[in-house]
Each structure stands twice: as C-alpha cells, then as structure tokens.
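All values reported here derive from a predicted model rather than from experimental measurement.
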Amino acid sequence: MLQEFKEFAMKGNVVDLAVGVIIGAAFGAIVTSMVGDIIMPIIGAITGGLDFSNYFTGLSKSVTATNLADAKKQGAVLAWGNFLTLTLNFLIVAFVLFIVIRLMNQLKRKEEAAPAAPPKPSPEVALLTEIRDLLKKA
C-alpha cells in the first residue's frame, strides 16, 4: 500500500498540480496586493477618497457604526464594498490569465507556422532517387 501511494504521489500530474496550486496561491497574493494597495487607492483618489472596502449596508436598525469592522460587531451587514473589491480582484486575475494564455497561443502558432526542414531521406530513398535521375538522363 505504501508503494502504491508513493507511485501515485510521484506521478507527473500530481506533482504538476501541486506546483500549480502553490504558484496560483502566490499569484493570488500578488493580485490581492495589487488591487488593495495600488488600484483601489487610485480609484479612491479619482472618486474623491472613497474606500470601497468600507462600504456596507446595515441589515438591522442596531447597526449605527460608520466603518465595517464596528458595524459587524453591532449586527448583520451587507458588505457590498468588500464584494466589489473581490470582484475586481477576479476580473484582474481573469484578464491577466487571458493575456498569458493568448501570448502562449501566439507562440504556439508561430512555432507551427515556421516551416520545418524536410527530413533527410533514408539511404534507400536517396539511392532510388539517384537511379531515377540516371534513368531520366538516359
């Protein structure tokens, strides 16, 4: 059973998947930082200092706080600003993946379009070609 598990765990697909998950998590952290630290402050500056992550709607009359953290302590809130931020994160990730996949596809098309040198004929084919050419001259 241990040998079977070792064979399963060391298969190429499993290792590739693990690497993909790790890289994906790191990429997610980069995108989250880009959105939270770069894009949203720029949007906030353009819109007059709005901070989308703090936008919410209280779902009960007991919610009177003006920031999301305090409002959550007071009762149920609909944190639509946080949802907007996460949606923007998703759109950025999707767009970046689209660009990467598009570039990869273009590279594949260029490789496929490049004419490959014709393979060198086998010695038998070369001999037959020579005989054919000699017969044409005769």
Going hydrophobic residue to hydrophobic residue with side-chain gaps under 4.5 angstrom, can you get from I101 over to F27? no
How long is the straight-line distance from CE of M104 back to CD1 of I99, given to the nearest 0.5 Å? 13.5 Å
Does any part of the side chain of D133, heavy atoms only, come nearer than 4.5 Å to the side chain of E130, both counted from C-beta? no
Mind listing the closest non-hydrogen atom pair of L68 and A79 along with its distance? CD1-CB, 3.9 Å
L91: hydrophobic cluster co-members (side-chain, 4.5 Å): F90
How about CD on Q106, more than 12 heavy atoms from neighbouring residues, nucleotides or ligands closer than 6.0 Å, or not? yes
Does some side-chain heavy atom of T57 sit less than 4.5 Å from a side-chain heavy atom of V77? no
Which atom pair, heavy atoms only, marks the closest approach of Q74 to A65? OE1-N, 2.9 Å
Value for OG1 (T66) from CG (N54), rounded to nearest 0.5 Å, stands at 7.5 Å
Heavy-atom pair of closest approach, residues F56 and N67: CE2-C, 3.6 Å
Below 4.5 Å, heavy atoms only, C-beta onward: do L128 and R132 meet side chain to side chain? no
Here the pair of heavy atoms bringing S60 nearest to G75 is OG-CA, 4.5 Å
Would D70 and K73 satisfy side chain to side chain contact (heavy atoms under 4.5 Å, CB included), going step by step from the backbone distance to the final call? CA-CA 5 Å; D70 292 338; K73 292 176 186 175; 4.2 Å; yes
List the atom of I38, the atom of I42, and the distance in Å for their closest heavy-atom pair. O-CG1, 3.2 Å
I'd like to know if the side chain of T87 and the backbone of F83 have a donor-acceptor N/O pair within less than 3.5 Å. yes
Report the hydrophobic cluster partners of L59, with the cluster defined as I, L, V, M, F, W, Y residues connected by side-chain heavy atoms closer than 4.5 angstrom, directly or transitively. L78
